[in-house]
Chemist: 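Sharing a structure below in structure tokens format, with a few things to ask.
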Amino acid sequence: MQYDPKDIEQKWREKWQNDKTYRVLNDASKPKYYVLDMFPYPSGAGLHVGHPLGYIASDIVARFKRHQGFNVLHPMGYDSFGLPAEQYAIQTGQHPAKTTEENAARYRQQLDAIGFSFDWDREVRTSDPSFYKWTQWIFIQLFESWFDHEAQRARPIAELIARFEEQGWHPSDACALTGDVEEELGAFAATEWNAFDERTKQRILQHFRLAYLSEAWVNWCPALGTVLANDEVKDGVSERGGHPVERKRMPQWSMRITAYAQRLIDGLDTLDWSDSIKEAQRNWIGRSEGALVRFKLKNKDLTPGPSPEERGVSASDSRFRETTNGFLWTKLIERAKHMRSNPTEAEELLWQTIRGHSTGGRIRRQHIIDKFIVDFVSIPKQLVIEVDGDIHDLQQEEDALRTLHLGERGFKVIRFRNEEVLRDPEAVRLRIIAELDARPDIAKDDERADEEHSPLSTEEELGVRSHFSPLPGRGVGGEVEVFTTRPDTLFGVTFVTLAPEHELVELITPAERRDEVMAYVTMAKNRSERDRMADVKKVSGVFTGAYCIHPFTGKEVPVWVGDYVLGGYGTGAVMAVPGGDQRDWNFASHFGLPIIAVTEGADISKEADERKDAIICSEGFLKGLAVPEAITRAIDELVKLGAGERRINYRLRDAAFGRQRYWGEPIPIYYKDGVPYALPESELPLKLPDVDKFLPTEDGEPPLARAANWNYQGHPLETTTMPGWAGSSWYFLRYMDPQNEGRFASPEAIDYWQQIDLYVGGSEHATGHLLYFRFWTKFLKDRGYINFDEPAKKLVNQGMIVGVSKYFQEVRVDPSIKAVWDKKPKQLHIRRNGTLLKSIEIPVPTAQDVTGHHVFCSYGCRLDLDFFDPATGDYIKTVRAEDRADSDFVSEAVIDSKSEYVIRPLDGWLRAEPVYRPIVITDRAVDAYWHYEPGKRQWLSFNDEPLENQELAFWTLRPEIEKMSKSKMNVVTPDEKLRKPIGLFAKHIGYYFNEADSIVRIPGIVEKYGADTLRLYEMFLGPLEQSKPWDTNGIEGTFRFLRKFWNLFHGVGDAFGVTDDAPTKPELKVLHATLKKVTEDIEKMSFNTSVAQFMIAVNELGSLKCTKRAVLEPLVVALAPFAPHIAEELWQKLGHNTSITTAVWPKWDAQYLVEDNFSYPISFNGKTRLQLEFPIALDAKSVEAAVLANPEVQQRLEGKAPKKVIVVPKRIVNIVV
RNA sequence: GCCCGGGUGGUGAAAUGGUAGACACGAGGGACUUAAAAUCCCUUGGUCCGUAAGGGCUGUGUGGGUUCGAGUCCCACCCCGGGCACCA
């Protein structure tokens, strides 16, 4: 009887489903085991072979544990909120819920086809209201909590309020309450707190809540009607379509994950996760210990700005409106007043023309916005009008910078020249009106803020909606704050360097140095990050002309600006110790600044001494101390002087939690007086409302703003939605008790299932999902909802299955020949050294060529298909195929019959390119090069002829193992005969797979070989954690194995031929050796070697012609986790009525593995020469004697006595001559 | 630059410091067959000697080291992949 997987597998799939074989009960009488896979995003592309790799592995473990008597929770669900469905909805108008449902159904079908032992009764979907009710509920708990840094745990916000009511807030509380992670906050007394109005209190609390509202800049593209991610914006225009993009400020929910930074680091030590993931998380959190040091500025003018108290600001709203520091504030007010009373002629003329309501709206003059004083501004329209005087180059640069800066704050800047205003002020007025009319009302003008009294435009007034600026700080006026990890090197400080972005730069720079410094700042700021990366070695900077005072020595220290200091890290300033820090050393040597040795034995003439095991040699109280002691001592001294304190700095930033999107969990928040409040629990779930379009509104409000009656008791509801990681941060808990309507999961269920014992998923989630997921778990623990602090004990990252990808590559036999595709006439121009040789007309591929072909991206990569109008060659649209694995993005571009297309790498630099026919890639030949033959109107392979004979070879697709390279431009290494004119393609890899090689043809593989073969094959490919190329060449081998296994049970005819005869010793040995290896390997998750062992067993039993039940039956059980269908069928044929899943795992017995003899490899000087068999029992001495007595050994010794003989029992004999 | 992985036949890969290449694919040869499919058998790291049986040398990225013995441990370097990046 032939092994025919088709019928068998169909039969068992149905039976499992009908019998609910894989249902899991919360059965406390059995030990539990929780195996979880990272759930997938149900994309339209369906599963590809990368998905099931991890699922198969976890399924094997789950089944194995079940055989061992564990109650195993092994659920599956969908991370079903997400962008692709929304994108599709925008294009087609179809509700994302519908496509999501369809896609999930398809996934289910495919997953079922592979025979997973999931308990589908426990399926969860993050987009299901009964699920996201609890995501919202957890959000509210976060909103209603703050982090007590002293106790290192989250507590209810009510306890913080109680504390404020009793003791207020003191600067000395900063560490306890904010962990010094926040900006320094201003203080208030209990009486003050109690006197605050509700609104003020709420806004202060925002600084403590774990889910809080702040504001952030987004890239708003009016033409596309959407917010774009940073990497979708290139040079100020959208990557797709090239539409202008504006920076726009939007209210933004955030998660205070920074509060948990320390615990997230500490917890890693308790986890059985891979080192690389742990390292990635540590890196991401980026803890550094050190000190905050304050250097007083020398310049007398630069006295600190008044504190809020000193300024006499009462405890009212206004104290929270300030956006700049106190120091800047006083300076700017002074200057604004001065400028207002001394206008230029043109300014005054224009002011008279546009003042009052003569433009239809109110215009203010000499107004402070952020740190600039602008000439005129309309607050509601966020339009700045500037009148420029004489313009020289430097001024132009500065103006450009200022325009950019204001633009970032949502302002448009228009400029008029002095002459324009003086010549025809009315024309200028009309243009201003036109500009004003063209802009929507963006901000409310606060009429209370009368210009004469308050020239300050606060962010409060400018915000789209209410938001919260930092509490007033103590101000940085008069001092430079630096963070250092090496306060022990303080005596080696010879200068201080500020980041170009540092706001002190323009304030401390004396007038005579202003031009030079600002020119540098402009240049440095404009240097793109890529430029900075490109030449790390290049040192640049400028002296500000200012000095500060060394806190220990009292000496003057020059203040420089250097672009090696980053604005976004620490305080944006460093104390430079060229003797102890290489970057400082580079800077100092470049500019001839003094370099002082800080450590004994350092040779500072060539490089800095960064050793941390050195002795400090600086004169003073640190001399002779080792680094760690010196650090402690230095901090003590700083504290005594009030010049600094101990500080731990983290790189981790709070996580943005709001998305301007439709297809996500609504945030359960409403606004009263512009202040956010949590919805009562009884209102949950707050369901996604219906909207007419899934697009943002014209003025940039998120899609939910389109919903009718989107309010709670008349108060507007939040319109942003949660990000993809919200649901995935706690879904593992819901599986424990998925139908619970009164709680996210019952305490009993949580108590029983506890942590995930084994979590399997891709490593690309290292710093995203896996961090948030730990964060939420810790939070829920803190608030007493669960009793463990880490979600997953063991984590295994399955490697990517990578496709053999095809690189675009230009191939030229003669490097002087260049082929350039001209889009317009659709011609390929071939030039040699610039001289046109000929032009070839190339038709755009026709629809028939490509219809129905899927274009896929493998993990972590993406591919853009540009669609061009075949008639004109004009660009129509881009379809992106993107895959960031599992739950992030999996998408596809299916070529539809209406579209014609060419392929273009992402960057857009290749706008002129020859037309590809991706279909040619279906050729499997490694060395298939293609060129276009106009006469035959088809692309031809060069295979028949040597490449050298071709007149021209241009674009080709070169197979290569996929590399997830995001930034490397140099990965393409062409083979010898190819020239490599460009490496850029490597950055943008397109992946194509034909039917035979397809990564996605799971149904196809299952159809042809069966699910058991697929399962075995994926496991057989190699170690689970290693990434490996997918090719189906080897699949025959595993299929043959299953057939041989099947044949062991069946005689020559169709009969089931298992006998009850007693097994022989060799048969038992094969059995037990296999059981041993397989049992141990599953525990090690080394599946490829277990499959190999099964193959060995089958081959050996085949040779032994073993048909004995006593041998075959245990083997069936052992194979069941790997190949459940065939195992069930054989199990039934062996006469069992119950599912094999209930069978007890067969134990191996060492007695059958005992050998009587061992064949010793006899080596001479480590080189094996012959084998000699001796009884196992023979001791080392006797073995040695027997070996030396052997004639062949004697012959090799040539009569000489061996120097030494090493006998390792049951291993080896080594004779040293 | 820093931090993690990794580098073994034509390919996927095995190998508690103890016979490198298990197992599988592919390839070559053979058997069966009218033929194909399927199945089975043999060979298969390189190289040299030998008619053959057999034997020698060499071989796990490179160079050193430890050891009776190194793919495995140590040092230095090269290359590949991933993460972070002028992180103070």
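Protein chains get the first letters and strands the later ones, always in sequence-line order, with residue 1 at the start of each. Only a predicted model underlies this, so the values are computations on that prediction, with no experimental measurement involved.
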Chemist: Shorter than 3.5 Å, N or O on both sides, protein versus nucleotides 58-69 of chain B: list them out with atom names.
Modeler:
{"residue": "B:C68", "atom": "O2'", "partner": "A:Asn1214", "partner atom": "ND2", "Å": "3.1"}
{"residue": "B:C68", "atom": "O2", "partner": "A:Asn1214", "partner atom": "ND2", "Å": "2.6"}

Chemist: Please compare A:Gly1022 and A:Ser276 by the position of their nearest nucleotide in RNA chain B and report the one closer to 5'.
Modeler: A:Ser276
Chemist: Is any N or O donor-acceptor pair between the side chain of A:Asn586 and the base of B:C86 shorter than 3.5 Å?
Modeler: no
Chemist: In whole angstrom, give me the gap between the P atoms of B:A37 and B:G26.
Modeler: 13 Å
Chemist: What orientation do A:Tyr1160 and A:Phe1174 show, parallel under 30°, tilted 30 to 60°, or perpendicular over 60°?
Modeler: tilted
Chemist: When you compare the side chain of A:Asp581 with that of A:Arg486, does any pair of heavy atoms fall below 4.5 Å?
Modeler: no
Chemist: Could you tell me how far apart A:Trp1046 (CH2) and B:U39 (C1') are, to the nearest whole angstrom?
Modeler: 18 Å
Chemist: Go nucleotide by nucleotide along RNA chain B from the 5' end; which of A:Glu1192 and A:Thr485 gets its closest nucleotide reached first?
Modeler: A:Glu1192
Chemist: For a 4.5 angstrom cut-off between non-hydrogen side-chain atoms, does A:Asn1088 reach A:Leu1021?
Modeler: no
Chemist: Give me the distance, rounded to whole Å, that separates B:A31 from B:C80 when you measure between the C1' atoms they each carry.
Modeler: 45 Å
Chemist: Classify the nucleic acid contact of A:Gln1026 as base, sugar-phosphate or nothing, counting any heavy atom under 4.0 Å across all strands shown.
Modeler: sugar-phosphate
Chemist: Quantified in whole Å, what is the P atom distance between nucleotide B:U11 and nucleotide B:G64?
Modeler: 26 Å
Chemist: At under 4.0 Å between heavy atoms, what does A:Lys1044 touch on the DNA or RNA strands: base, sugar-phosphate, or nothing?
Modeler: sugar-phosphate
Chemist: Calculate the interatomic distance between A:Phe1087 atom CZ and B:A22 atom C1'; express it in whole Å.
Modeler: 19 Å
Chemist: Taking the C1' atom in each of B:G83 and B:U8, what is the distance between them to the nearest angstrom?
Modeler: 26 Å
Chemist: At under 4.0 Å between heavy atoms, what does A:Asn1099 touch on the DNA or RNA strands: base, sugar-phosphate, or nothing?
Modeler: sugar-phosphate
Chemist: If you only use heavy atoms from C-beta on, which nucleotide in B:U19, B:U39, B:G56 is closest to the side chain of A:Arg1043?
Modeler: B:U39
Chemist: What is the distance from atom CZ of A:Arg1043 to atom CZ of A:Phe1045, rounded to the nearest 0.5 Å?
Modeler: 15.0 Å
Chemist: When you compare the side chain of A:Lys1077 with that of A:Ile1082, does any pair of heavy atoms fall below 4.5 Å?
Modeler: no
Chemist: Would you call the rings of A:Phe295 and A:His550 parallel, tilted or perpendicular, taking 30° and 60° as the class edges?
Modeler: perpendicular
Chemist: In whole angstrom, give me the gap between the C1' atoms of B:U19 and B:G10.
Modeler: 25 Å
Chemist: When you get a sec, tell me which of B:C25, B:C4, B:A24 is the closest nucleotide to the side chain of A:Arg1040?
Modeler: B:C25
Chemist: Does B:G54 fall in syn (glycosidic angle within 90° of 0) or anti?
Modeler: anti
Chemist: Using whole Å, report how far CD1 of A:Ile1035 lies from C1' of B:C23.
Modeler: 16 Å
Chemist: Measure from CZ on A:Phe1039 to P on B:C23 and round the result to the nearest Å.
Modeler: 22 Å
Chemist: Is there a side-chain hydrogen bond (donor to acceptor under 3.5 Å, both in side chains) between A:Ser288 and A:Asn649? Walk through the geometry before answering.
Modeler: CA-CA 5 Å; A:Ser288 42; A:Asn649 198 43; 4.5 Å; no
Chemist: Can A:Tyr650 and A:Thr258 be counted as having a side-chain donor-acceptor contact under 3.5 angstrom?
Modeler: no
Chemist: If the cut-off is 4.0 Å, is A:Asn1088 near the phosphate of B:A14, judged by side-chain N/O to OP1 or OP2?
Modeler: yes
Chemist: Give me the residues of residues 1089-1097 of chain A where at least one heavy atom lies under 4.0 Å from an atom of RNA chain B, by number, or none.
Modeler: A:Thr1089, A:Ala1092, A:Met1095, A:Ile1096
Chemist: Given A:Glu1018 and A:Phe1020, is the side-chain contact (heavy atoms from CB on, under 4.5 Å) satisfied, shown in steps?
Modeler: CA-CA 5 Å; A:Glu1018 289 220 16; A:Phe1020 188 60; over 6 Å; no
Chemist: Taking the side chain of A:Arg651 as heavy atoms from C-beta outward, which of B:C84, B:A20, B:G5 is closest to it?
Modeler: B:C84
Chemist: Please measure how far the P atom in B:A24 lies from the corresponding atom in B:U72, and state the result in whole Å.
Modeler: 27 Å
Chemist: Using a 4.5 Å cut-off on heavy atoms from C-beta on, say whether the side chain of A:Ile56 contacts that of A:Met1019.
Modeler: yes
Chemist: Mind calculating the distance between OH (A:Tyr3) and P (B:U39) to the nearest angstrom?
Modeler: 14 Å
Chemist: List RNA chain B stems (3 or more consecutive Watson-Crick/G-U pairs, under 3.5 Å)?
Modeler: B:1-7 with B:78-84, B:10-12 with B:23-25, B:26-31 with B:39-44, B:45-49 with B:54-58, B:61-65 with B:73-77
Chemist: In whole Å, what is the span from the CD atom of A:Glu1080 to the P atom of B:A15?
Modeler: 12 Å
Chemist: Please check if any side-chain donor atom of A:Tyr564 sits under 3.5 Å from a side-chain acceptor atom of A:Asn586, or the reverse.
Modeler: no
Chemist: Tell me which nucleotide among B:A14, B:C86, B:A88 gets nearest to the side chain of A:Asp563.
Modeler: B:C86
Chemist: On the ring face of A:Trp273, is A:Lys278 found with NZ or CZ under 6.0 Å from the centre and within 45° of the axis?
Modeler: no
Chemist: Have A:Glu481 and A:Thr571 got a donor and an acceptor in their side chains that come within less than 3.5 Å?
Modeler: no
Chemist: Identify which nucleotide among B:U19, B:C86, B:A88 has an atom closest to any side-chain atom of A:Ser288, counting heavy atoms from C-beta outward.
Modeler: B:A88
Chemist: Once you round it to whole Å, what is the distance between P of B:G12 and CD of A:Glu1036?
Modeler: 19 Å
Chemist: How close or far is atom P of B:A85 from atom CD of A:Gln582, stated in whole angstroms?
Modeler: 22 Å
Chemist: Would you measure the distance from the C1' atom in B:U62 across to the matching atom in B:G6 and give it in whole Å?
Modeler: 16 Å
Chemist: When you compare B:G56 with B:G61, how far apart are their P atoms, in angstrom units rounded to a whole number?
Modeler: 25 Å
Chemist: Looking at A:Arg1169, I'd like to know whether one of its side-chain N or O atoms comes within less than 4.0 Å of OP1 or OP2 on B:G54.
Modeler: no
Chemist: Between A:Ser1159 and A:Glu1173, is there a side-chain donor-acceptor contact under 3.5 Å, judged purely by atom types and distance?
Modeler: no
